[in-house]
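These notes are about the structure you will find just below.
This is a predicted model, so every value here is computed, not measured. The residues of the chain are indexed from 1 along the displayed sequence. Both ligands and their constituent atoms are indexed starting at 1 by order of listing.
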Amino acid sequence: MKAAVYRPGLPLQIEERQAPEPGPGEVRVRIVRAGVCGTDRHILEGGFPARAGVILGHESAGIVDALGRGVDGLAPGDTVALDPNRPCHRCRACRGGRTHLCTRLESLGVTRDGGFAPFTVAPAESVYALPAGLTPAEASLAEPLSCCIHGVDVLSPRLGDHAVVLGLGAIGLMIVQLLRARGVSRILGVDPDAARRRRAEALLEEVLAPSDLDPASAGPREVVVEASGAPRALEQALSLVDDGGSVLQFGVMDPSVRVPLSPYDLFRREIRLVGAFTNPQTFARALESLARRIVDPDTILGDDLELEELPAYLAGSVHPGGLKHGVRFPD
Ligand SMILES: [Zn+2]
Ligand SMILES: [Zn+2]
């Protein structure tokens, strides 16, 4: 089979691989679609650690193809999605219930072979059967959505709160829909890209370019989400949030980035600034949210790419439209 492989310092490589055999406790999945993520770019640019020689692709879904010894509850032909993150269950963080902060975290598509190949093998604990009404292509959104659900859990908006979401790519649009479902009553979306703003208008009553944003007329907003990854947006978030409000830092920035903030404001205005990493215990909820159209897959899914098109796509600097593009494998 052909697979998209990470070789440090090189563009993404398409290599010939043997289709993997499932070992004890493992499931082989025929991949239908694997989403492309900013993290894949970060890995190729050396900004996110991954194992050399690994098949990338951590947002995948497909059809069970074969079972290893000792796997029950799944059968060939079942449609499934893969939670890429697999904690060790033994370190201090895991035993304290913070499995997403595991110090020995394994991830499909980062430290173990992932979904940019027609077949992959995953431990049964990472394999989730799809709820009725959800296709594998739609379920390829479950991993990024599960991270967004964790983010909104950490942010914990209240019914009737007003919000700002900075950044209206796929992640921003998922967060907008989750905030709505949590009862946030008024959401202002902000993005510099006109095409993204136009698309977001179907989901939001107020959409602005950052240059048109005036903190005086935008407020008060109890919750603000930074989902753009732009350092300036975090500064904006801290100036937009209402006294007593909460800011979620969700956009991935380079580890070297520093942003000025006022400790006095955090104290006097009682601002809560929180982060959220990956998807602890949120994967099943993500599948449920997609199946019930709490988050509508049609608003997030972008183009299907062929595996051979992926290296050029990832080497390009543009993210056309900001939607979730993915590699689609033929039936
Ligand atoms: Zn991702
Ligand atoms: Zn652990």
Heteroatom N/O/S of H89 within less than 2.8 Å of the Zn ion (ligand 2):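 It does not: H89 brings no N, O or S atom closer than 2.8 Å to the Zn ion (ligand 2).
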
C102 SG and C88 SG subtending at the Zn ion (ligand 2) (10° steps):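 Taking the Zn ion (ligand 2) as the apex, the two atoms subtend 100°.
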
Vertex the Zn ion (ligand 2), arms to C94 SG and C91 SG, rounded to 10°: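 That angle works out to 110° after rounding to 10°.
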
Salt-bridged, [X] to [Y], with N to O below 4.0 Å?
| X | Y | answer |
| --- | --- | --- |
| R7 | E15 | yes |
| R69 | E26 | no |
| E16 | K2 | yes |

Which N, O or S atom of E59 lies nearest to the Zn ion (ligand 1), by name: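 The atom in question is OE2.
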
Residues R197, D212; criterion salt bridge (charged side-chain N to carboxylate O under 4.0 Å, His left out); working and verdict: CA-CA 13 Å; R197 287 203 302 276; D212 296 332; over 6 Å; no

Opening angle between NE2 in H58 and SG in C37, taken at the Zn ion (ligand 1), to 10 degrees: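 Computed angle, vertex at the Zn ion (ligand 1), rounded to 10 degrees: 110°.
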
Partner of L234 under side chain to side chain contact (heavy atoms under 4.5 Å, CB included), chosen from V224, V257, L273: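 Only one of V224, V257, L273 forms a side chain to side chain contact (heavy atoms under 4.5 Å, CB included) with L234, namely L273.
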
